[in-house]
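Structure first, commentary second.
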Amino acid sequence: YEEEDELGRSQDQLAYEELVTNILEEEDDVVACHRQQIEDNMALVQEEMGLLTQVEMPGGSVEAYVVSLDKVLHRKIEAVKALRERLHGFQQRLKEEETLSKTRRI
């Protein structure tokens, strides 16, 4: 016999409802992070365009270009990695919810 709360919900039901609530909140966060990553990436693309303009000018420093481009590319890679990590965590919770919803009559 499972314990129930004042509304007759089992511990499993309460855990499932909490998971769904967390997923809905996290979905908003993931979308907001993706939107921010796109905005940040657009700013980095603009920076890259500036680097191209500088290096193509007469007397433009290839060494400065290479160093600056490497820094920009590193920032892009780190931003994508962070978004992917967040996305993978979210995917795990979605799979967990799917499994729970299939194994229980909720």
Side-chain angles (χ1 to χ4, degrees):
Y1 176 74
E2 283 191 63
E3 285 187 41
E4 294 182 348
D5 72 354
E6 65 278 357
L7 299 176
R9 296 176 298 186
S10 69
Q11 293 298 319
D12 286 345
Q13 177 69 28
L14 290 171
Y16 178 79
E17 288 174 10
E18 183 177 344
L19 177 63
V20 170
T21 298
N22 290 340
I23 285 172
L24 292 173
E25 290 172 1
E26 191 172 0
E27 177 184 355
D28 291 341
D29 290 344
V30 167
V31 170
C33 284
H34 182 210
R35 185 175 308 284
Q36 184 62 52
Q37 193 268 341
I38 289 171
E39 290 174 13
D40 293 346
N41 194 46
M42 288 172 37
L44 290 171
V45 167
Q46 295 241 340
E47 194 173 325
E48 286 178 89
M49 291 169 59
L51 293 175
L52 285 171
T53 299
Q54 289 175 357
V55 76
E56 290 173 341
M57 291 175 69
S61 170
V62 174
E63 291 82 10
Y65 166 75
V66 169
V67 169
S68 296
L69 180 58
D70 185 59
K71 288 178 183 176
V72 170
L73 294 176
H74 180 74
R75 287 171 27 211
K76 287 173 111 174
I77 289 167
E78 292 304 310
V80 170
K81 280 183 185 178
L83 182 58
R84 287 190 75 215
E85 285 176 17
R86 185 167 203 137
L87 196 60
H88 289 159
F90 184 59
Q91 283 178 312
Q92 287 302 113
R93 279 173 283 294
L94 289 174
K95 287 177 186 175
E96 182 182 343
E97 185 278 329
E98 184 178 0
T99 300
L100 283 175
S101 69
K102 287 180 180 178
T103 59
R104 306 207 176 279
R105 289 184 292 139
I106 295 176

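These numbers come from a predicted model, not from an experiment.
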To the nearest 0.5 angstrom, please state how far the CD1 atom of Ile38 sits from the SG atom of Cys33.
11.5 Å

Minimum heavy-atom separation for Leu51 and Tyr65, please, with both atom names.
O-CD1, 3.7 Å

ILVMFWY cluster, Leu44 and Leu73 together (side-chain gap under 4.5 Å)
yes

Salt-bridge present (Glu78, Lys81; N to O < 4.0 Å)
yes

Following the transitive rule for hydrophobic clusters with a side-chain heavy-atom cut-off under 4.5 Å over Ile, Leu, Val, Met, Phe, Trp and Tyr, establish whether Val72 and Val80 coincide in one cluster.
no

For atom NE2 of His74, decide whether the heavy atoms of other residues, nucleotides or ligands shown that lie under 6.0 angstrom number more than 12.
no

Please tell me whether Leu24 and Tyr16 are part of a single hydrophobic cluster in this structure, the criterion being side-chain heavy atoms less than 4.5 Å apart.
yes

Find the distance between CG (Asn41) and CD (Gln46) and round it off to the nearest 0.5 Å.
11.0 Å

Salt bridge check, Lys102 against Glu98: does any charged N sit closer than 4.0 Å to a carboxylate O?
yes

May I ask you to check whether Glu17 and Gln13 show a side-chain donor-acceptor distance below 3.5 Å?
yes

From CD (Glu47) to NZ (Lys71), nearest 0.5 Å
10.0 Å

Verdict with reasoning, Val66 to Asp70, per side chain to side chain contact (heavy atoms under 4.5 Å, CB included):
CA-CA 6 Å; Val66 169; Asp70 185 59; 5.5 Å; no

Could you tell me whether the side chain of Glu39 reaches within less than 4.5 Å of the side chain of Gln36, counting heavy atoms only?
yes

Quick one: CG on Leu100 to CD on Glu97, what's the gap to the nearest 0.5 Å?
7.5 Å

Applying salt bridge (Lys or Arg N to Asp or Glu O under 4.0 Å), which residue pairs with at least one partner in residues 22-34 are found, sequence neighbours left out?
Glu26-Arg93, Asp29-Arg86

Do Met42 and Val45 have side chains that approach each other closer than 4.5 Å (heavy atoms only, starting at C-beta)?
no

